[in-house]
Structures are given as C-alpha cells and as structure tokens.
Amino acid sequence: MKNLCLLGSTGSIGRQTLDIVHRHGGFKITSLAANSNIDLLEQQIDAIHPKKVCVYDKEKAGILANRLKNNSTEVLSGMEGLLEIAGDSSNDLTVTAIVGMIGINPTLAAIEAGCDVALANKETLVTAGHIIMKAVKEHKVKLLPIDSEHSAIFQCLQGKYGPTGDYAAWNGSPIVEKILLTCSGGPFRGLSYEELRNKTAADALKHPNWSMGNKITIDSATLVNKALEVMEAKWLFMTDVDKIQVVIQPKSIIHSAVQFVDGSIVAQIGVPDMRLPIQYALYYPERLPLDCGRVDLFDLAKIEFYKPDYDTFKGLKLGIEAAKTCGSICTVFNAANEYAVGRFLKGEIGFTDIYDIIEHCMAMHKNIAEPTLEEVLGAEAEAIENAKM
Ligand code: NDP
Ligand code: MG
C-alpha cells in the first residue's frame with residue numbers, strides 16, 4: 001500500500017483521481033487539499049478518512065474544523081498547511097491537481113521530501129520548470145505527467161529511454177526528432193479574429209471534446225493552453241521548443257505523437273477521457289483495465305490534421321515566443337493570462353482582450369533568463385499589476 005497525498009481533491013482532476021484509486025486500490029490516501037469547497041471536501045473525508053486535510057481559505061478551514069470536531073482528521077490551512085501535507089516524507093506519491101502557480105511550492109516540497117509526483121498542475125513547470133527539473137534530478141524522484149498530451153508523449157517514449165521515469169537522461173533524447181503536440185483547436189476553430197471578439201464565457205466553456213475545470217477550458221478556447229503545454233513538454237522531455245510542433249486534430253483522438261530519427265512516428269490514440277492519463281501516472285509502469293470507451297477505427301473513418309492559425313489565436317504565438325525566449329517571460333505570459341481569464345469569466349473583458357493583456361504584459365517585462373523562485377513570484381506580481389492596464 002502506497003501513501004498518497006492529493007492536492008486539489010475537489011477539482012476535475014482531483015475527483016477523477018479519487019475515482020481511479022477507488023477502482024484499483026493500492027493507495028492509502030493520507031491527505032487532501034482544496035481551496036474553499038468544504039462541502040465536497042467533507043464528503044471526501046467521510047469516505048476516505050485521511051490523516052490531514054488542508055483548506056487554503058483560512059475562514060473555511062475554521063468552519064470545517066468546527067464541523068469535524070469529533071473526527072480524527074486534522075484540518076490545516078493556508079500555504080503552511082499545503083507545505084505540511086505535501087512535504088510529509090512518508091508520502092510515496094503526491095498528485096498535484098491544484099490550479100495555478102500556487103502549485104509551485106507544494107510540488108517542490110513533495111520532491112524535496114523524496115516523494116514521486118504525478119503532475120497535472122502545468123503552471124508549475126511553465127513558470128518554474130528549471131527549478132523543478134533540477135530538484136527532480138537531485139532527489140531522484142519520478143515526475144509523471146497527467147496532462148493528456150504529455151502522458152501520450154510519455155507513453156510513446158516507453159522503452160526509448162533509460163530507467164523508469166528517467167526521461168531522456170535529462171539532456172533530451174538523441175533519437176527524438178520531433179514531438180507532435182496535438183490540439184483540438186477548441187470550440188472556435190476556423191473563426192476569424194473579428195468573430196472571436198464577441199465570444200462570451202458561456203460560448204468558450206463549451207469544449208467540443210473534453211470536460212475540464214473552467215480555467216483550462218477557457219485556455220483551450222484561446223489556445224493559450226497549447227502554448228502552456230509547449231512549455232510543459234519542453235521541460236518534461238528536455239526538448240528544444242523548435243522540435244515541438246503543434247498539430248490541430250479536431251476530434252482529440254490522437255493525444256500526441258513522437259517522431260524518431262528514422263522517420264517513424266509513434267502516436268497514442270484513445271477516447272478523450274482524463275481518467276486514462278491519471279490512471280497511467282498513478283500505476284506506472286503498470287497498465288490496468290479502464291472502462292473508458294474505445295476508439296472504433298471504422299466509426300472514426302478519417303482523422304483530419306490542420307496547421308494552427310497563429311494570427312487569429314494570438315495567444316499561441318505569444319506563448320511560443322515566450323517558450324523560445326525562456327525565463328521569467330513565461331511566468332509573465334502565464335500570470336497575465338491567469339488574471340485575464342479570471343476577468344473574462346466574470347464577464348468584465350472580451351475574449352480577444354485576453355490576448356491584448358498578455359501582449360501588453362510581455363512587452364513591459366525585462367526578461368530574467370534563469371529566475372530564482374523569488375524572481376518568478378516577482379514576475380507574477382509585476383504581470384498582474386501591468387495587466388490592470
Ligand atoms: P479545477 O478548477 O476543476 O480544480 C482545481 C482544484 O484546485 C480544486 O480542488 C480547488 O479547490 C483546488 N485549489 C485551487 N486553489 C487552491 C489552493 N490555493 N490551495 C489548495 N487547493 C486549491 O481544475 P482542474 O482539475 O481542471 O485542473 C487542475 C490542474 O490540472 C490545472 O493546472 C490544469 O491546467 C491541469 N489540467 C487539467 C486537466 C483537466 O482535464 N481538467 C487536463 C490537463 C491538465 P476548490 O474546489 O476548493 O476551489
Ligand atoms: Mg492537455
């Protein structure tokens with residue numbers, strides 16, 4: 001039985017993680033964390049009986065602690081609470097399914113405690129990839145991708161790399177020619193920039209294939225998500241950004257592919273269901289059964305591919321520019337986007353304003369090539385300030 005810490009248990013990835021663990025067992029869930037949804041967290045505590053939970057919101061943590069007076073589960077709060085549960089060296093695996101840059105420090109705490117990490121929280125690699133990968137190497141832990149494209153790439157690379165989880169021996173693989181990072185194109189594929197302008201949050205939340213949390217669903221509509229995934233892939237697989245090609249594949253059946261130096265392309269195909277990559281990360285290197293539906297090649301009949309429209313979906317272009325530049329500019333890209341998406345979801349700004357805010361913040365920033373954690377957080381604060389333009 002392995003000890004598992006689940007950060008973000010009340011979210012989309014968190015709930016699906018619990019579902020998978022419930023099906024296959026093998027883990028004792030010792031701690032959970034959420035931001036403020038104490039009603040769902042309380043139900044999870046009743047079902048799982050973790051040793052500790054963290055509610056980031058201090059007031060909500062107090063309410064929950066009061067409700068759980070006669071319960072053996074300890075309630076912690078704030079960043080101290082997150083660091084305490086993530087940094088517990090008796091954990092074998094920590095799933096980081098928190099949304100946003102708030103995930104950096106808890107992820108680092110888990111790695112430093114010698115714990116393997118199954119990572120959904122892409123913002124952590126986007127903004128602090130150089131720090132995280134160094135820590136992973138130093139503490140000899142596994143960093144297992146949950147993001148479906150990165151899981152697909154990871155699955156395509158099995159047997160091509162050294163020991164378990166030892167991606168590319170940290171120097172990129174000499175046999176990988178290209179990573180083909182697939183992208184559905186989102187609900188607005190094919191529209192012009194003018195048509196994008198008036199799209200509302202309700203329109204953007206209708207993703208054609210995937211059911212996900214709100215923030216990432218908007219990022220999928222703007223294609224900012226794909227730019228974040230280019231940055232994520234660059235760190236996870238130690239690959240030059242030039243070797244990562246974004247390919248639009250509207251049905252989300254090919255979750256990504258790797259092209260090797262002999263021209264051979266290995267792709268991972270499956271129905272769009274996040275439980276598959278979550279399960280693969282949790283039980284790696286085992287492959288367990290999953291009742292997630294099957295791709296019927298005859299039903300599918302054909303697979304279409306398109307080049308992304310970088311001029312219309314400007315967020316993708318800006319993000320790839322940031323990824324190539326590398327450094328604190330990636331934090332600025334991410335933070336400006338986080339801020340803008342928050343306002344877009346509240347109906348305060350238009351869809352293409354998200355791009356304008358990102359562009360403005362990037363233009364205002366003086367890049368730091370290898371920022372310290374403090375500088376990463378400084379770049380975030382600066383971007384949020386500039387985003388209020
Ligand atoms: P959701 O919005 O559905 O869930 C976010 C979770 O994080 C919730 O449990 C939330 O708690 C918790 N949380 C937020 N802030 C804090 C905090 N400060 N302290 C503790 N917990 C916090 O997001 P998703 O599950 O969709 O996404 C999670 C991460 O996974 C994101 O980084 C996303 O980019 C990535 N990802 C998601 C995919 C998906 O299919 N959903 C696919 C690939 C990657 P509360 O409920 O209380 O607010
Ligand atoms: Mg993805």
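Here the structure is a predicted model, which is why all the values come from computation and not from measurement. Atoms within each ligand, like the ligands themselves, are counted from 1 in listed order.
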Lys/Arg N to Asp/Glu carboxylate O, R67 vs D39, below 4.0 Å: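 Yes.
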Same cluster (ILVMFWY, side-chain, under 4.5 Å), V136 and L373: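 In one cluster with V136: L373, yes.
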With carbon and hydrogen excluded and only N/O/S kept, which atom of [X] is nearest the Mg ion (ligand 2)?
X    : result
D147 : OD1
E149 : OE1
E229 : OE2

Side chain to side chain donor-acceptor pair (under 3.5 Å) evaluation trace for H365 with S328: CA-CA 9 Å; H365 184 66; S328 56; 2.7 Å; yes
Under 4.0 Å from ligand 1, counting heavy atoms only: the protein residues, by chain and number: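 For ligand 1, the contacting residues are G8, S9, T10, G11, S12, I13, A34, N35, S36, N37, Y56, L82, A97, I98, V99, I102, A120, N121, K122, E123, D147, M212, G213, I216, M274.
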Donor-acceptor pair, side chain of K226 and main chain of T182, under 3.5 angstrom: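 Such a contact is found between K226 side chain and T182 backbone.
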Heavy atoms from other residues, nucleotides or ligands near CD of E195 exceed 12 (cutoff 6.0 Å):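 Counting other residues, nucleotides and ligands, CD of E195 exceeds 12 neighbours.
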Working for side chain to side chain donor-acceptor pair (under 3.5 Å), residues D219 and N337: CA-CA 8 Å; D219 289 350; N337 177 61; 3.0 Å; yes
Step-by-step side chain to side chain donor-acceptor pair (under 3.5 Å) determination, E338 to N334: CA-CA 6 Å; E338 256 182 53; N334 179 67; 3.3 Å; yes
